[in-house]
Amino acid sequence: MKRIVCLFALIPMLGDRLYADWKIVTRTGDSSVTEFFKGALMRTDSLPAYTTVLDFDHRRQVNWRSDLRQYVIVGWPPAYRNDSSSGPVITIERNTADTGERKQFFGRNARRLVTRVTRSDGPETVIDGWYIEVPGLPRRKSGAGGAVGVLTTSIGGQGPAPPRIEIKQTGPVPEGLSAWQKMTTTVVLPGGSHHNFEGVSEVTELVEGGKSACATEDMRLLAAFLLE
């Protein structure tokens with residue numbers, strides 16, 4: 001509680017508005033997600049009262065409830081690099097083809113790339129997307145890399161050696177902001193039958209810095225804490 005009182009005292013120091021370097025709104029089905037980028041901070045609004053802020057410089061995440069005026073801070077574990085050859089190997093193959101099609105999104109030229117992703121430990125995914133070059137956008141939003149989730153278990157306190165990820169890319173690298181994307185994942189069901197899971201996402205708003213306010217009174221309070 002003392003911390004919260006102190007934060008309220010800092011609000012006037014931040015002025016009436018904080019402005020993002022970038023604002024991106026993405027629609028998936030009937031829902032939409034708004035993302036703001038400011039330096040090493042990334043804010044995501046996924047529900048009317050729920051906000052997540054990722055602080056990459058300090059390796060922490062803040063989950064914020066504006067209706068309750070409460071937040072939870074989650075620290076990230078140290079970055080880990082697995083150079084061991086004793087763990088299992090997960091091979092991810094990405095084969096990308098440029099269809100040669102071009103059109104414009106937000107006044108920027110876009111190219112259509114189709115990528116087929118196969119994993120040695122999972123289903124096959126086809127990503128059909130339109131990509132635009134947006135200079136200055138953080139690489140975590142416009143880069144070709146993606147997070148790979150791996151679940152490991154331990155028995156008797158002895159953890160298994162973490163898996164080693166090997167990615168093999170053929171064809172042009174799908175770099176840039178994915179302005180429109182359809183992802184189709186094929187899962188093999190018991191008995192050998194196949195089922196496709198399909199999802200479409202589209203960027204509906206792209207605004208560069210100085211034009212989009214990214215802070216209400218509650219978020220100015222939170223930013224004061226993050227920028228200490």
Side-chain angles (χ1 to χ4, degrees), residues 24 26 28-29 31 33 35 37 40 42 44 46 52-61 63 74-99 111-134 137-203:
I24 301 175
T26 305
T28 303
S31 63
V33 172
E35 296 170 304
F37 299 86
M42 173 182 172
T44 302
S46 54
T52 299
V53 176
L54 303 182
D55 182 359
F56 292 93
D57 274 355
H58 297 92
R59 299 187 59 78
R60 58 188 174 185
Q61 173 178 326
N63 300 323
V74 180
W76 299 345
Y80 179 79
R81 181 181 179 86
N82 180 24
D83 296 320
S84 172
S85 59
S86 61
V89 177
I90 297 177
T91 302
I92 301 176
E93 296 186 4
R94 298 190 304 204
N95 189 340
T96 303
D98 189 335
T99 67
R111 56 177 180 161
R112 185 183 180 188
L113 304 177
V114 178
T115 301
R116 185 177 300 273
V117 182
T118 57
R119 293 178 54 141
S120 59
D121 69 332
E124 179 181 89
T125 299
V126 175
I127 304 172
D128 183 353
W130 288 89
Y131 299 85
I132 57 177
E133 294 298 325
V134 186
L137 195 66
R139 180 163 178 77
R140 54 184 169 269
K141 189 63 181 179
S142 63
V148 177
V150 177
L151 176 64
T152 60
T153 59
S154 61
I155 300 177
Q158 298 296 321
R164 187 172 73 254
I165 308 297
E166 294 184 354
I167 299 178
K168 300 178 181 179
Q169 171 74 44
T170 58
V173 177
E175 292 183 319
L177 175 66
S178 179
W180 184 94
Q181 177 178 281
K182 180 172 74 173
M183 183 178 296
T184 305
T185 300
T186 302
V187 177
V188 179
L189 302 176
S193 60
H194 295 73
H195 184 79
N196 291 336
F197 295 90
E198 196 172 272
V200 176
S201 62
E202 179 182 8
V203 174

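- A distance of 13.5 Å separates OG1 of Thr115 from CD of Glu93, quoted to the nearest 0.5 Å.
- Within the structure, salt bridge (Lys or Arg N to Asp or Glu O under 4.0 Å) contacts touching residues 185-202 (residues at least two apart or in different chains) are Arg27-Glu202.
- Interatomic distance, CZ of Arg111 versus OG1 of Thr99, reported as 10.5 Å (0.5 Å rounding).
- Using a cutoff of 4.0 Å between basic side-chain nitrogens and carboxylate oxygens, Glu175 and Arg139 are scored as salt-bridged.
- Checked by atom type and distance alone, the side chain of Arg59 pairs as donor or acceptor with a backbone atom of Pro77 at under 3.5 Å.
- Exactly one residue among Lys182, Gln181, Arg116, Arg112 makes a side chain to side chain donor-acceptor pair (under 3.5 Å) with Asp128. That residue is Arg112.
- With contacts defined as side-chain heavy-atom distances shorter than 4.5 Å, the pair Ile132/Val203 does not qualify.
- Gln169 and Thr96 form a side-chain donor-acceptor contact under 3.5 Å, judged by distance and modelled atom types alone.
- We find the CG-OG1 distance between Leu177 and Thr26 to be 7.5 Å, quoted to the nearest 0.5 Å.
- Counting heavy atoms from C-beta outward, Leu54 and Trp76 have side chains that approach closer than 4.5 Å.
- For the atom pair CZ of Arg164 and CD1 of Ile90, the computed distance is 10.5 Å after rounding to the nearest 0.5 Å.
- In this structure, CD in Glu166 is found 5.0 Å from OG1 in Thr91, a value given to the nearest 0.5 Å.
- Taking OG1 of Thr118 as the start and CD of Glu124 as the end, the distance is 6.5 Å to the nearest 0.5 Å.
- Looking only at side-chain heavy atoms (C-beta outward), Thr186 and Pro123 stay at 4.5 Å or farther from each other.
- For the residue pair Tyr131 and Gly176, the shortest heavy atom distance occurs at CD2-O, 3.9 Å.
- Residues Pro138 and Phe37 come closest through the heavy atom pair CG-CD2, 3.7 Å.
- Put simply, the side chain of Val33 reaches to within 4.5 Å of the side chain of Thr44, judged on heavy atoms.
- A heavy-atom distance below 4.5 Å is not found between the side chains of Arg94 and Pro174.
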